[in-house]
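My questions all concern the structure below.
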Amino acid sequence: MASLITCPHCGTRPKEEFSIRGAAAPKRPSPTAKDEAWHRYVYVRDNPKGRYQEYWHHVAGCRRFLVVERDNLTHEVFGVTDAAEFERAGAAE
Amino acid sequence: MRYSAYSIFKEALSGNRMWKPAWREPQPKPHYDVIIVGGGGHGLATAYYLAKEFGITNVAVLEKGYLGSGNVGRNTTIIRSNYLLEGNNPFYEFSLKLWEGLERDFNYNAMVSQRGMLNLFHSDGQRDAYARKGNGMRIHGVDAELLDREQVRRKAPYLNFDHARFPIMGALYQKRAGTVRHDAVAWGYGRGADARGVDLIQHCEVTGIRRENGLVTGVETTRGFIGCNKLALAAAGNTTTVGRMADLELPIETHVLQAFVSEGLKPVVDHVITYGAGHFYISQSDKGGLVFGAEIDFYSSYAQRGNLQTVEHTMEEGVSLIPGLSRAKVLRSWGGVMDMSMDGSPIIDRTPIDNLYLNCGWCYGGFKATPASGFCFAHLIAKNETHHVSRFMRLDRFERGYTIDEAGRGPQPNLH
């Protein structure tokens, strides 16, 4: 049930050590982007059933923001990456 | 058949052989004036009020499971109207007034029990916030009383008044709040709708929404295509899944909320009590079980089951508030999936598609809203204009900057 999260910095840790920020898919628009882009970023969510990327903050560990990729129906965890690395990988695409 | 004390007496004399099923099990017709997706509390209430108040009876309610198998059968049964904001309070007060006359209205025993609700506060700041909320309620003509510590003690002596960290300083009390037998709400509305000609179609999952020239013409279902003039969505928890079939973009995230019930006990908790230092709420069912819950699990989830950490946290909060609770055994726990909206408030509105209507985003406060939600949604579907008490609950309010953020937590759905 997503009870154990393998932090890339701290190893496998219990869920209690993390706080959850929300969907990692929305990309922050540029400050000069149109209101429409900001509305979509702040309020609109894909909310898929199944594979899901979410920001988790390791508050009781390394205090890094992580991206946990998991299934929100079966609670299987596929992978955990540091949020900075996730952003860089996204930018490279 | 009308239910009454006389009918129970009469049926008992004839060996209870004459009772009829409370609703029919019809085959879907090829076409309806209105199709409602979702046979939960809100969908059934909508069908009931469409038929009763607005005279639209060529209606089908499509439910993928059995009637009331979603959140109307999974909540902690609390009704109240203690809201602060203009966008919320008149709506929830309208709902509470409908609850007060509901059983007589739909001729079904929903066990509406106005036992009063105590929202406990534990600091000076929290007292001021609750006093402000109470004043806001009274300005709207809703009952609210600020009780001091001794007044609370007289009502609920078993609470942990001298908690070292969160002593109880008093409570905001709404006398007309209470609980309702949740399943009976679905059954009562379903039966009332069915009696007026609405087809309740169970085990019929919507798999697609057919559109032509920008209008909905019907739905693809597991039982074939069904046509309609108007389509209304009331599919809490799965709103995004259904909405995607019509390319709706929604400010919704789906989360799981757990609830718990203890073994049956003698009457001990006479009110609904909420813990101001946590997010714990408790009442006692007429069967004797303590019904309680706390926060959502915080991560996105479509699973109707929750995480053990949240179970433990809920128990800790409960024992912190009511030490005696540590001696009770938990009988069952379960989870339901919620539409968590981006401001913690619901949406009852039209959509970019002219004949598609949307009812969603109830977060985990949808049960108390059931009558008003059904009434306002039926009003919207029948007249194409919003009911005045739900006029703030618009889909485009996020874009326009008119969010209804009762808790003041900003656009983070797992905090509402």
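Chain naming here is simple, since letters A, B, ... match the order of the sequence lines and numbering starts at 1 in each. Both backbone and side-chain heavy atoms feed into the values below; hydrogens, waters and symmetry mates do not.
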Margin query: Tell me whether B:R400 at atom CZ has more than 12 heavy atoms from other residues, nucleotides or ligands lying less than 6.0 Å away.
Written below: yes
Checklist line | For the student: nearest non-hydrogen atoms of A:K49 and B:N238, plus distance | finding: NZ-OD1, 3.4 Å
Margin query: Before you tell me yes or no, could you show the steps for A:K15 and B:N307 under side chain to side chain contact (heavy atoms under 4.5 Å, CB included), namely the whole-Å CA-CA distance, both residues' side-chain angles and the distance that decides it to 0.1 Å?
Written below: CA-CA 10 Å; A:K15 178 191 170 297; B:N307 195 300; 3.2 Å; yes
Checklist line | Audit row: B:H313, A:E16, side chain to side chain contact (heavy atoms under 4.5 Å, CB included) steps and yes/no | finding: CA-CA 10 Å; B:H313 178 70; A:E16 288 89 319; over 6 Å; no
Check: If we ignore angles and hydrogens, is there a donor and acceptor under 3.5 Å between the side chains of B:T254 and A:N47?
Finding: yes
Next item on the list: Could you tell me which portion of A:E54 (side chain, backbone, both or neither) has an atom closer than 4.5 angstrom to a non-hydrogen atom of chain B?
Entry: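 Interface part for A:E54: side chain.
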Check: So do the side chains of A:W56 and B:Y299 get within less than 4.5 Å of each other, counting heavy atoms only?
Finding: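 Touching, per the 4.5 Å side-chain cut-off.
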Note to self: For residues 243-251 of chain B, give me every residue with a non-hydrogen atom less than 4.5 Å from any non-hydrogen atom of chain A.
What the structure shows: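 Result: B:R244, B:E249, B:L250, B:P251.
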Checklist line | Crowding at OH, B:Y402 (>12 non-hydrogen neighbours, <6.0 Å) | finding: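 No.
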Item checked: Interchain contact, B:T241 with chain A, by part (heavy-atom threshold 4.5 Å) -> side chain
Notebook entry, point to check: Backbone N or O of A:R21 within a donor-acceptor pair of the B:N414 side chain at under 3.5 Å?
Noted result: no
Check: Using a distance-only test with no angle check, is there a side-chain donor-acceptor pair under 3.5 angstrom linking B:Y302 and A:D71?
Finding: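 The criterion, which ignores hydrogens and geometry beyond distance, is not satisfied for A:D71 and B:Y302.
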Margin query: If we define contacts as heavy-atom pairs under 4.5 Å, which of A:P48, A:G22, A:A23 has the most with chain B?
Written below: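 Option with the top pair count is A:P48.
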Notebook entry, point to check: Is the CG atom of A:D46 crowded by more than 12 outside heavy atoms at less than 6.0 Å?
Noted result: no
Check: Any sub-3.5 Å donor-acceptor pair from B:E253's side-chain atoms to A:R45's backbone N or O?
Finding: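 Not a single qualifying donor-acceptor pair exists.
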Check: What's the shortest heavy-atom distance between B:S300 and A:N72, and which atoms?
Finding: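 Distance-wise, the nearest heavy atoms are OG-ND2, 3.0 Å.
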Checklist line | Close side-chain approach of A:Y43 to B:T403, heavy-atom, < 4.5 Å | finding: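 Result yes, sub-4.5 Å side-chain heavy-atom pair found.
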